[in-house]
Q: 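Before I ask anything, let me first share the structure, which is written out below as structure tokens.
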Amino acid sequence: MASSAAFRICPTTGLKVNLAAEKLIKANAVAAIVFLAIGGLFGLLVALTRWPAVHFLPADWFYLALTAHGLDVLIVWIIFFEMAVLYFASSVLLNCRLAGPRWAWAGFVLMLVGAVTTNVAVLQGQSSVMFTSYVPMMAQPPFYLGIILFAVGALIGCFVFFGTLVVAKQEKTYEGSIPLVTFGAMTAAIIAVFTIASGAIILIPTLLWSLGLVSYIDPLLYKTIWWGMGHSSQQINVSAHVAVWYAIAAMVFGAKPLSEKVSRMAFLMYILFLQIASAHHMLVEPGFSSEWKIFNTSYAMYLAVLGSMVHGMTVPGSIEAAQRSRGLTKGLFEWLRKAPWSNPAFSGMFMSLVFFGFIGGISGVVMGTEQINLIMHNTLYVPGHFHGTVVAGTTLAFMAITYLLVPLIFRRELKFRKLAQWQPYVFGVGAAGISLFMMGAGTLGVSRRHWDMTFADAQLPFDYPSAAFLMMGLNGIAAVLATLGGIMFVVIVVGSVFFGRKLGENEKPSYPEVPPSAVAVAHYGSSQSLRIPGTAMLVGVFFIAFVLYYFVNWKYLSEVWPLS
Amino acid sequence: MAITPPSERVWWKEPIAKVELVWILIAFVWGLIMFFMMIYWHGAGEQNLSNEAYKITPVRFSQRAQAMIDQYTVRQEGIYPVVHPPPGSDVYLIARLWQWWPILELEKDQTYRLHLSSMDWQHGFSLQPVNINVQVHPGYDMVVTIKPDQAGEYGVVCNEFCGIGHHNMVGKIYVVE
């Protein structure tokens, strides 16, 4: 196949870009953004309905919109974009042709058909079973079929990625070890295989059950295996967006990892321990021992948390080291103050890092503590947490790297630069607000997945405290802000990709700016000369916040009814 | 750079900076503290699940609940019987579309073995405003030993999605002196 081995030389990076891989990256990124727009719109409808003063949708439409929102953004948007990341991190970064581009296209088509099938099933109204589709609540067969097709397509994408690594090794398209970003993407792909296997194990029997061919599926068994997919799919995100953080630090600052060994070990911790966190969802279920819960919910003594805390230092640390080597050495924070805050790739990436750690990360560990889960399980605290990880963390990081992909891969000049400069802030602040206000409402007991917090039509009355209503109003406002940021993103990307000026064959994009000394920085110092006092201060603040918040929640727990 | 192969071919032999080592150590020790905190709370804390659970059919569970209701109903509130079981006894709360059945009346500072099970889909037992939340499955009888420590009127909200009437599924527990 001559066409699959055709390349162009990237004028900015000097990398050989495989044209087949480039087309696939474009297709997957575009599909991802289309589903982000659809899923985001459903999310806005959900938030407007939960805003007590607005209470926008009727109940049946609310549960339908919530099901569609969860599927489209937690699975479809994220995994389509991750396919683009996988092809970029293998073929482009390794200067290599893509292994089996036809397979990759087959995977893409399967994913698209699956996503559309499930969406249609949900929109028909008989499959409002939520993203989790807990048995014995039953959806229509196409609901499960669509997810299975999507998963098979994604699995093919993962194997194309692995195949490309093999091809690159055999054809010696790079020297030494694979880049750290590729290593991070590989971590994501390995976790993805585990995730998809779990999904297949449980969703295929569930499909047969919905067709009437299997008579019974144990709800506890379903839930245990389903979360092997449900939670692990979010661990793909973590690995992928950490890889994206490193990629942006490298592309914008020429930053070099502080230590390849440490960063790779941190990714290895993800491969080994992240998946067992599906136990987070089983902490208040019948039939599990505390030993099982404690070991699994803590990722075997928090070793995967260790991985994230390491990345939380090495990513900003590598940026600080790069900035200091460029002469920004005054005080603790000159390197950060004089960072390119108007470059959306950087501002989006840095906010993603901060929000993922402070909001998504800390809340996740606290909520995943065996006993503390009792005061948070299935309250709005849960979506508060994962909007901190998946929206303020992953989605913001993916948006940030899109600003680099548009000129480099789509070869279009970025349009609406003023808008682009503000977009990460609008979206980031909105997403952080959504997370914090939902966590606040959850702490006050408000249930997730619930149409009417006033219980107007219930047989027995109950009133949540008025502070909870305030939280939900603020959540609605934050959601509107995030939606605005989302619309800005879609307008900028779609506008640039379709109407942006085409870059000439050897033309370097002028925006977002990449500092001229980026390449030189790649060779700074060694461990002896490393000074990152600003980052040390930042992680110190993070650590204090973590410890305080952790023990405050034990205090809350100690005040509820004694249970044994 | 992170997007290129490591510049040192034998990167695994490069020394690690002290600041990184210190942070790894802090994070590791903190992980151990959080891990042992859960174990410690099983001994020292008062809020732990017993993990006592049995397989049971919905019919059998509702029979047991009905026996309790027949024996200990003290009054009626609308369609709901209000049941005042003796302290220390086995108390049954049925979760079904879309009710928590019956209304329970418990005594302050007394211990009860609360049995929870669903007749149909999954439900979420969310005791408010205390904010204790546990999952209720069909086919499983989960036993939670509770000791209400404040008198008052409490709501039981369903916090697992259970279909179109989910938001109307509210129960009640009274705690009396």
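Below, chain A is the first sequence line, B the second, and so on; all start at residue 1.
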Q: Measure A:Phe551 against the heavy atoms of chain B and call it side chain, backbone, both or neither at under 4.5 Å.
A: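 For A:Phe551, the contact with chain B is made by the side chain alone.
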Q: What part of A:Asn95 gets closer than 4.5 Å to chain B, counting heavy atoms only: side chain, backbone, both or neither?
A: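 Answer is neither: A:Asn95 stays 4.5 Å or more from chain B.
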Q: For B:Leu114, which atoms come within 4.5 Å of any heavy atom of chain A: side chain, backbone, both, or neither?
A: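 No part of B:Leu114 comes within 4.5 Å of chain A.
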Q: Would you verify whether the NZ or CZ of A:Arg264 falls within 45 degrees of the ring axis of A:Phe183 while also being under 6.0 Å from that six-membered ring's centre?
A: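 Judged by the rule (NZ or CZ under 6.0 Å from the ring centre, within 45° of its axis), A:Arg264 counts as positioned above A:Phe183.
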Q: Between A:Lys256 and B:Glu8, is there a salt bridge with N-O shorter than 4.0 Å?
A: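 Counted as a salt bridge, because a side-chain N and a carboxylate O are separated by less than 4.0 Å.
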Q: Only pairs of heavy atoms separated by less than 4.5 Å count here; which of A:Ser177, A:Ser298, A:Gly176, A:Ser259 has the most with chain B?
A: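 Of the candidates given, the most pairs with chain B belong to A:Ser177.
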Q: Regarding B:Arg64 and the six-membered ring of B:Tyr54, is the cationic atom NZ or CZ under 6.0 Å from the ring centre and inside 45° of its axis?
A: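 Pair B:Arg64/B:Tyr54 does not count as cation-pi.
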Q: Between chain A and each of B:Gln99, B:Met142, B:Glu20, count heavy-atom pairs under 4.5 Å; write down the option with the most.
A: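 Going by pairs under 4.5 Å, I would pick B:Glu20.
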Q: Between A:Tyr63 and chain B, which part of the residue has a heavy atom less than 4.5 Å away: side chain, backbone, both or neither?
A: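 Side chain only.
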Q: Any chance you could measure A:His311, atom NE2, to A:Ser318, atom OG, to the nearest 0.5 Å?
A: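 Here the interatomic distance stands at 11.5 Å.
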Q: Would you say the ring centers of B:Tyr92 and B:Phe61 fall short of 6.0 Å from each other?
A: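 Ring-ring flag for B:Tyr92/B:Phe61: true, centres closer than 6.0 Å.
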Q: Among A:Phe62, A:Tyr174, A:Tyr464, which residue forms the greatest number of heavy-atom pairs with chain B at distances under 4.5 Å?
A: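 Top option by heavy-atom pairs under 4.5 Å: A:Tyr464.
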Q: Pick one of side chain, backbone, both or neither for A:Leu283, based on which atoms fall under 4.5 Å of a heavy atom in chain B.
A: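 Contact with chain B is through the backbone of A:Leu283 alone.
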Q: Please state whether the side chain, the backbone, both or neither of B:Asp120 comes within less than 4.5 Å of a heavy atom of chain A.
A: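 The answer is the backbone of B:Asp120.
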Q: Heavy-atom pairs under 4.5 Å with chain A: which of B:Lys55, B:Glu52, B:Met34, B:Arg9 has the most?
A: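 Sorted descending by pairs with chain A, the first entry is B:Met34.
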Q: Taking side chain as everything from C-beta outward and backbone as N, CA, C, O, which of these in A:Thr379 sits under 4.5 Å from a heavy atom of chain B? Side chain, backbone, both or neither.
A: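 The answer is both parts of A:Thr379.
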Q: With a 4.5 angstrom heavy-atom cut-off, is it the side chain or the backbone of A:Val92 that approaches chain B, or both, or neither?
A: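 Contact with chain B: none, neither part.
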Q: Quick check: A:Trp554 with B:Tyr40 (ring centres under 6.0 Å apart)?
A: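 No, the ring of B:Tyr40 stays outside the 6.0 Å limit from the ring of A:Trp554, centre to centre.
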Q: Would you mind checking which part of B:Val134 comes under 4.5 Å of any heavy atom in chain A, side chain (CB onward), backbone (N, CA, C, O), both or neither?
A: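 When you check distances to chain A, atoms from both the backbone and side chain of B:Val134 fall under 4.5 Å.
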Q: What part of B:Leu116 gets within 4.5 angstrom of chain A, counting heavy atoms only: side chain, backbone, both, or neither?
A: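 No part of it gets close to chain A.
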Q: Which one of A:Glu175, A:Lys261, A:Glu291, A:Lys293 has the most heavy-atom pairs closer than 4.5 Å to chain B?
A: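 Highest number of pairs under 4.5 Å: A:Lys261.
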Q: Is it the backbone or the side chain of B:Trp121 that comes under 4.5 Å from a heavy atom of chain A, or both, or neither?
A: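 Both backbone and side chain.
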Q: Sort A:Ser558 into side chain, backbone, both or neither according to what part of it lies under 4.5 angstrom from a heavy atom of chain B.
A: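 Looking at A:Ser558, backbone and side chain both touch chain B.
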Q: For residues B:Pro102 and B:Leu93, report the shortest heavy-atom separation together with the two atoms involved.
A: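 Looking at all heavy atoms of both residues, the closest pair is O-CD1, 3.4 Å.
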Q: What residue, out of A:Glu559, A:Met453, A:Met376, A:Arg449, has the most heavy-atom pairs lying under 4.5 Å from chain B?
A: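 Heavy-atom pairs under 4.5 Å are most numerous for A:Arg449.
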Q: Flag the one option from B:Pro129, B:Pro5, B:Cys162 with the top tally of heavy-atom pairs under 4.5 Å to chain A.
A: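 Greatest number of close heavy-atom pairs with chain A: B:Pro5.
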Q: Of all of A:Asn378, A:Asn373, A:Leu180, which one pairs up most often with chain B through heavy atoms under 4.5 Å apart?
A: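 Between A:Asn378, A:Asn373, A:Leu180, the count favours A:Asn378.
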Q: Can B:Glu77 and B:Lys172 be counted as an ion pair, charged N to O under 4.0 angstrom?
A: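 A salt bridge is present here (some side-chain N lies under 4.0 Å from a carboxylate O).
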Q: Under a 4.5 Å heavy-atom cutoff, which of B:Val19, B:Asn133, B:Ile103, B:Leu49 has the most pairs with chain A?
A: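 Ranked by heavy-atom pairs under 4.5 Å with chain A, first place is B:Asn133.
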Q: Below 4.5 Å from any heavy atom of chain B, which atoms of A:Leu557 appear? Answer side chain, backbone, both or neither.
A: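 The answer is both parts of A:Leu557.
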Q: Please look at B:Tyr140 and chain A and tell me whether the side chain, the backbone, both or neither of the residue comes under 4.5 angstrom of a heavy atom of that chain.
A: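 Interface part for B:Tyr140: side chain.
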Q: If you count heavy-atom pairs under 4.5 Å with chain A, which of B:Tyr80, B:Phe28, B:Tyr154 comes out on top?
A: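 Of the options given, most contacts go to B:Tyr80.
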Q: A:Tyr246 and A:Thr314: side-chain donor and acceptor closer than 3.5 Å?
A: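 Their side chains do contain a donor-acceptor pair, which is all the 3.5 Å distance test asks for.
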Q: Does the ring centre of A:Phe455 sit less than 6.0 Å away from the ring centre of A:His450?
A: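 Ring centres of A:Phe455 and A:His450 closer than 6.0 Å.
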Q: Only pairs of heavy atoms separated by less than 4.5 Å count here; which of B:Gly78, B:Pro148, B:Pro138, B:Ala53 has the most with chain A?
A: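 The residue among B:Gly78, B:Pro148, B:Pro138, B:Ala53 with the greatest pair count is B:Pro148.
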Q: Rounded to the nearest 0.5 Å, how far does CH2 of A:Trp561 lie from CD of B:Gln150?
A: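 Reported value, rounded in 0.5 Å steps: 10.0 Å.
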Q: In terms of ring plane angle, is the pair B:Trp100 and B:Phe125 parallel, tilted or perpendicular, where the classes change at 30° and 60°?
A: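 If you compare the ring of B:Trp100 with that of B:Phe125, the planes turn out perpendicular.
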Q: In terms of ring plane angle, is the pair A:Tyr134 and A:Tyr222 parallel, tilted or perpendicular, where the classes change at 30° and 60°?
A: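 Rings of A:Tyr134 and A:Tyr222: perpendicular, as their planes differ by over 60°.
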Q: Side chain, backbone, both or neither: which part of B:Leu127 has an atom under 4.5 Å from a heavy atom of chain A?
A: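 Contact with chain A involves the side chain of B:Leu127 alone.
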Q: Side chain, backbone, both or neither: which part of B:Val175 has an atom under 4.5 Å from a heavy atom of chain A?
A: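 Only the side chain of B:Val175 comes within 4.5 Å of chain A.
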Q: Checking A:Met265 against chain B: side chain, backbone, both or neither under 4.5 Å from a heavy atom?
A: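 For A:Met265, no heavy atom lies under 4.5 Å from chain B.
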Q: Please report the interatomic distance CD1(B:Ile39) to CD(A:Glu370), rounded to the nearest 0.5 Å.
A: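 That separation rounds to 9.5 Å.
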Q: Measuring only between side-chain heavy atoms, which start at C-beta, is A:Gln459 closer than 4.5 Å to B:Trp98?
A: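 Answer no - side chains too far apart.
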Q: Of the listed residues (A:Lys223, A:Glu260, A:His377, A:Gln371), which shares the most heavy-atom pairs with chain B below a 4.5 Å separation?
A: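 That would be A:Gln371.
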Q: Is A:Ile372 in contact with chain B via its backbone, its side chain, both, or neither, using a 4.5 Å heavy-atom distance?
A: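 The answer is neither part of A:Ile372.
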Q: Taking NZ, NE, NH1 and NH2 as the nitrogens, is one of them in A:Glu320 or A:Arg531 under 4.0 Å from a carboxylate oxygen of the other?
A: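 Looking at A:Glu320 and A:Arg531, the cut-off is not met.
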Q: What distance separates B:His84 NE2 from B:Ser89 OG, expressed to the nearest 0.5 Å?
A: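 Answer for the NE2-OG pair, B:His84 versus B:Ser89, is 9.0 Å.
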